[in-house]
Amino acid sequence: MSAEEEACIVAASYQSFGSKTVVELWLRAREGHSTLLLVHGLRPFLEIAVRGSSTDLPDDIDERLEKVRNVKDVTLIHDPVDKWTDKGTKPHWKVEVRQPYNVPKIRETLRGYDWKVSSADIIFPQRLLLELDLGPHIAWKGELLPSDGDAIQDAGGRGLYPTNRVARCNIEDLRSIDAFAAPLITFSFDLETSIESGHILCAAAVIQQNGKSETHTFRGDERKMLEDLTRLVRDSDPDIITGYNIDNFDLPKIKERMEELEDGNDKLSRAILAGWGRVPVTEEACKGGRRGAPIIPNRQQNRKWTLTGRCVMDAWWEARMTLRPKRETLKFVSELLFPDREELRKMDVDSSRMDEEWAARPDVVLEYCAQDALLPIEILDAISATARKEALAAVGKVPLETAIIGTTSQWVDSLVIRLADRENIAVPMTRRGGKSDAITGGYVHEVKGGREEWIAILDFKSMYPSIMISNNICYTTRVDNDYTSTEVHQSPSGTKFLKKEIREGLVPRLLEDLMGQRDHHKAMMKGATDDSKRLFHDQMQFAVKILMNTFYGVFASAFYRFTHQDIGSAITAWARSNIKKIISDLEEEGHPVVYSDTDSIFVSSPEEGKEALVNFGHELANRFTKEGAELEFEKGLSVFFSHGAKKRYVGRVVWPEEDLLIRGYEVRRTDSFDLLNKTMMGTFERILDGDEEGAYQHVISLIRSVKAGEADVADLILSRSCKGKVLKDGTVDFSVYSNPDGLPYVQAAKKRIARGLPFTPGMKVSYIVTAAKGVDGRQTVEPWLVAETGDAPPVPDWSFYAERLARAMGRITEVYGWSKKDLLLGSRQQTFDFF
DNA sequence: CCAATCGCCTAT
DNA sequence: TAAGATAGGCGATTGG
């Protein structure tokens, strides 16, 4: 039966089919159902060219090609096509191979035969998107297949997929469509486990689509729970699997218990217990799927979890990246996001005494578990995590999965390679190994300690992308230093790039296109009549911004396929040169530059008052903007303060909106403590208002009360990320650190673990310093467990906190002659200058 | 008391 | 192996 559909590509893989290869696309259709689409007609290949820079073909070219033809699993050699390489334009032969997994071996064989190999490390399913210029949102027409494993295998599939539909089509039947928000299904789950035995006590799952959700709970026999949970995953067929800290806890636990409970004689028992992958239950899939399509959740050495056909998105990680919370427990994040929704936190269970809790009140524990399965869904919704990933996928033209777990170089590859292919640019391999020297980065201007009034902040709009566009910077336009011509842009670092009249770079074109897209979405946002449209375009324009900013990083990296060591240096050299020129021009004109960092300049206004400041800011922006380097008047400050350290300042914004601007200081940092933050905020307010006397008196009185032990201990919590590796037996290995015992937060983590609480590698650990110098001469700390176990707060080392307050605040008040020591003593010491 | 080092976190 | 970049501040420990 023929069918047509519009859908979003959630994930992609491939399947060998006799001598052919079929791409598998897991789709979520606009109407809401899931489809597994088998796409026929794409052939795996790599490309070869003669080594070196000579354009003449060697005499024995026919014999050499014949030798390639005879390599095992090579199926066809196409006629040569001239392609650009950094060694000149040369004929390239497209070499088709039997299956994508043959490529690595054939690549090495052909290298051994002295060929230059290109386009030889591109993930096969991604090739489909590159060749057809598809993004994740597609329309296809093809044939629906009956729910019959044999019929599906005859069409090139693996068997009965757990999707609503299975269909087949040819590559000609796919086309790109405008991005839309697909009705993705999210599956969130949570496990409660025994501390004593490590067994799963109960589980809960919440399934959500189109804002509607349903909850399921599981208790009883552990094997049955795993089976039921797995059945629910397969029946509800979610696109996204989430939960709080599932990467480090729940998914490893599922796998661990599955391995313990599997029946070695029954090859399919692994799939029955943990077959969450979107593939049929087969013995091969249970073995791990030789073709990289296992049915069991899979994690390679320290990397993200993968699950064939679905996306794993940890709500903890997304919340951490988006919100940067000072603490990272589920409870803390939930209070941060939903302060008024007490119903989300009504259940409370002491997880350090889970066995007793489970014995005493299993119903409560189960309800608590269900609550913790719902919260990740609420969190992802609150931060629009899924929509943002889908927008990023649309802009980067990658499957949703690549937007979620992929790397920035994969996004850039997706755009650059498809353009390179169209323009006959050979695609080099990813450079591997060998670290190169770090390049010089942005320029940061010295800042004097003190207070300044009426400051205009100007900055370059999209500085690095603009530099890349205006100087036509690209892998394909860089020429060697001995290239003498006026038709080049030469960076202050010496590197030369051809002008676009000679050869237009791929990257500048892509960046210009992205800038255009951003303008488009911004315009659509403005014109949108309903909220969901406006939100959609906001997410799209933001995704474009993210992607544009990743270009510089990728091209400045040592390993990216389309870059060269000199490219990153050239970009930053131009940036430094631009900004320094403006600084010196301004200084020469008599306009003092108070501060500058990379692409921003803080200039002192010649006249007092907001109106004069705004005019001055606009005037400077106009005057210093030139082709390819647009300077914008970003903010006007009535007052600016720094204690004299780069990247640390505070200011009162009066234009365009009234606001307080703080950068770098402890109040911005997640490893500071609330009492310091409050003190510093109070001090900043006073300093900005010109009340210096009030500023240090305020600090002195606070320090005095801390010395006397008069502060809320909850305001003294310190929090830092802690690494570590959870071993098979449940112990944690901290040997990633050269001296783990010398780190306070490792001590806090160890004490958490000893107390029976979970430790999750990479998560922040909260603690109180109880002795600045303990028995071993090092700091003694106690973990903060009040919220989790109801433990009483630890007794702080008050003099330590007084000291730290004085040190941090002293740096600031020092500007006015009040040192750390003075703050601690409460009065200014007489200073004698004898000489 | 110091400089060197490790480690985290931030600015851009 | 897998991989966006560098500049910079600061806290704690270590070793003299």
Side-chain angles (χ1 to χ4, degrees), chain A residues 121 300-304 320 324 326 405-413 430-447 457 459-460 462-464 546-563 565 567-573 575-576 579 595-601 634 642-649 661-673 676 718-723 734 736-747 762 764-765 769 772-774 776-781 800 803-804 807-808 810-811:
Chain A
D121 59 352
Q300 268 152 7
Q301 207 75 39
N302 250 339
R303 301 201 51 215
K304 297 239 177 149
R320 163 184 245 227
R324 298 192 324 118
K326 299 221 168 184
I405 63 166
T407 61
T408 53
S409 54
Q410 285 175 293
W411 309 338
V412 173
D413 256 357
T430 293
R431 288 158 223 275
R432 38 193 71 237
K435 284 212 170 192
S436 50
D437 294 339
I439 61 168
T440 310
Y443 168 74
V444 189
H445 200 62
E446 288 290 342
V447 54
I457 306 179
D459 66 5
F460 283 108
S462 305
M463 182 189 234
Y464 288 159
I546 302 237
L547 201 63
M548 278 178 51
N549 286 336
T550 65
F551 268 75
Y552 156 72
V554 170
F555 283 86
S557 79
F559 51 82
Y560 186 58
R561 62 172 89 238
F562 281 107
T563 196
Q565 161 91 75
I567 293 181
S569 308
I571 298 168
T572 57
R576 288 191 301 277
I579 206 98
Y595 182 57
S596 163
D597 186 346
T598 311
D599 61 356
S600 67
I601 314 179
E634 214 223 4
S642 170
H643 73 278
K646 292 171 175 180
K647 298 191 188 279
R648 293 201 163 204
Y649 60 86
L661 175 69
I662 307 181
R663 291 291 178 261
Y665 278 114
E666 281 80 348
V667 295
R668 295 270 301 182
R669 294 180 61 100
T670 56
D671 56 357
S672 176
F673 54 105
L676 173 56
L718 291 163
S719 187
R720 282 202 141 188
S721 301
C722 183
K723 297 190 240 191
F734 290 103
V736 282
Y737 294 112
S738 54
N739 176 27
D741 292 331
L743 297 170
Y745 44 92
V746 170
Q747 191 189 129
K764 288 186 194 298
V765 193
V769 176
K773 275 201 186 304
D776 56 2
R778 292 191 288 243
Q779 221 173 58
T780 305
V781 305
F800 164 82
E803 174 92 9
R804 256 201 73 172
R807 188 166 1 120
R811 274 197 293 271

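Reminder, nothing fancy here: chain letters follow the sequence lines and each chain counts from 1.
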Report yes or no: do A/Arg663 and A/Ser642 form a side-chain donor-acceptor pair below 3.5 Å? no

Heavy atoms under 4.0 Å, any strand shown: does A/Phe460 hit a base, just sugar-phosphate, or nothing? nothing

Is a salt bridge present between A/Arg804 and A/Glu666, judged by a nitrogen-to-oxygen distance below 4.0 Å? no

What is the distance, rounded to the nearest whole Å, between atom CG of A/Asp437 and atom P of C/dA5? 14 Å

Before you tell me yes or no, could you show the steps for A/Ile439 and A/Gln565 under side-chain contact (heavy atoms from CB on, under 4.5 Å), namely the whole-Å CA-CA distance, both residues' side-chain angles and the distance that decides it to 0.1 Å? CA-CA 8 Å; A/Ile439 61 168; A/Gln565 161 91 75; 3.4 Å; yes

Against the side chain of A/Val554, the closest entry in C/dG4, C/dC10, C/dA3 is C/dG4

In whole angstroms, the gap separating P of B/dT10 from OH of A/Tyr649 amounts to 15 Å

Would you say A/Tyr560 reaches C/dA2's phosphate, i.e. side-chain N/O to OP1/OP2 under 4.0 Å? no

Under 4.0 Å, counting only non-hydrogen atoms across every strand here, what does A/Thr440 touch: a base, just sugar-phosphate, or nothing? sugar-phosphate

Are A/Asp413 and A/Tyr560 linked by a side-chain donor-acceptor pair shorter than 3.5 Å? yes

Can you check the distance between B/dT12 and C/dG4, where both ends of the measurement are the C1' atom (answer in whole Å)? 14 Å

Assign A/Lys647 to base, sugar-phosphate, or nothing according to its heavy-atom contacts below 4.0 angstrom with the strands shown. base

Less than 4.0 angstrom between a side-chain N/O of A/Arg811 and OP1 or OP2 of C/dG11, yes or no? yes

Residues that A/Tyr665 engages under ring pair (Phe, Tyr, Trp, His ring centres under 6.0 Å), provided they are two or more places apart: A/His643, A/Phe684

Does a side-chain N or O of A/Thr670 approach OP1 or OP2 of B/dT10 to a distance below 4.0 Å, or not? yes

First of A/Arg320 and A/Arg663 reached from the 5' end of DNA chain B, by closest nucleotide: A/Arg320

Within the structure shown, what part of the strands sits under 4.0 Å from A/Gly568 by heavy-atom distance: base, sugar-phosphate, or nothing? nothing

Quick one: is A/Arg668 getting a side-chain N or O under 4.0 Å of the C/dG9 phosphate, OP1 or OP2? no

Contact class for A/Thr572 vs. all strands (heavy atom < 4.0 Å): base, sugar-phosphate, or nothing? nothing

Under 4.0 Å between any heavy atoms, over every strand shown, what does A/Gly553 touch: base, sugar-phosphate, or nothing? Just pick one. base

Please classify the nucleic acid contact of A/Arg431 as base, sugar-phosphate, or nothing, using heavy-atom distances under 4.0 Å. base

Need one value for A/Thr408: base, sugar-phosphate or nothing, where a base atom within 4.0 Å counts as base even if backbone is also close, heavy atoms only. base

Considering every strand and a 4.0 Å limit on heavy-atom distances, what is the contact class for A/His445: base, sugar-phosphate, or nothing? nothing

Nearest whole Å is fine: how far is B/dA11 P from A/Arg324 CZ? 6 Å

Would you please indicate yes or no on a ring centroid separation below 6.0 angstrom for A/Tyr649 and A/Tyr595? yes

Rounded to whole angstroms, how far apart are CD on A/Glu803 and C1' on C/dA12? 13 Å

Criterion side-chain contact (heavy atoms from CB on, under 4.5 Å) on A/Tyr737 and A/Lys723, from CA distance to verdict: CA-CA 8 Å; A/Tyr737 294 112; A/Lys723 297 190 240 191; 3.4 Å; yes

NA contact type, A/Lys326, heavy-atom cut-off 4.0 Å: base, sugar-phosphate, or nothing? nothing

Under a 4.0 Å N-O cut-off, is there an ion pair linking A/Arg561 with A/Asp121? yes

What is the distance, to the nearest angstrom, from the NE2 atom on A/His643 to the C1' atom on C/dG8? 11 Å

If the cut-off is 4.0 Å, is A/Lys773 near the phosphate of C/dA12, judged by side-chain N/O to OP1 or OP2? no

Salt-bridge test for A/Lys646 and A/Asp597: reply yes if a basic N is under 4.0 Å from a carboxylate O, no otherwise. no

A/Phe673: partners by ring pair (Phe, Tyr, Trp, His ring centres under 6.0 Å), with sequence neighbours left out: A/Tyr801

Among C/dG8, C/dG11, C/dC10, the one nearest A/Val444 by side-chain distance: C/dG8

For A/Phe800, which contact category applies under a 4.0 Å heavy-atom criterion: base, sugar-phosphate, or nothing? sugar-phosphate

Length of the CG-P vector between A/Leu547 and C/dG4, whole Å: 13 Å

Could you go through nucleotides 3-7 of chain B and list every protein N or O atom that sits under 3.5 Å from one of its N or O atoms, giving the distance for each pair?
{"from": "B/dC6", "atom 1": "O3'", "to": "A/Ser738", "atom 2": "OG", "distance (Å)": "3.1"}
{"from": "B/dG7", "atom 1": "OP1", "to": "A/Ser738", "atom 2": "N", "distance (Å)": "2.8"}
{"from": "B/dG7", "atom 1": "OP1", "to": "A/Ser738", "atom 2": "OG", "distance (Å)": "3.4"}
{"from": "B/dG7", "atom 1": "O3'", "to": "A/Tyr745", "atom 2": "OH", "distance (Å)": "2.9"}

Taking only side-chain N and O atoms of A/Arg576, does any of them lie within less than 4.0 angstrom of OP1 or OP2 on C/dT6? no

Nearest listed nucleotide, side chain of A/Lys646, among C/dG11, C/dG8, C/dT13: C/dG8

Would you mind telling me which residue lines up with the more 5' stretch of DNA chain C, A/Ala645 or A/Ser557, judged by nearest nucleotide? A/Ser557

Whole angstrom value for the distance that separates P of C/dT14 from CG of A/Asp741: 9 Å

Quick one: is C/dA3 close enough that its OP1 or OP2 comes under 4.0 Å of any side-chain N or O from A/Ser409? no

Whole angstrom is fine here: how far is it from CG in A/Asp413 over to P in C/dA3? 12 Å

Stacked pair A/Phe551-C/dG4, distance under 5.5 Å, angle under 30°: no

For B/dA11 and A/Arg648 - does any side-chain N or O of the residue sit under 4.0 Å from the phosphate oxygens OP1/OP2? no

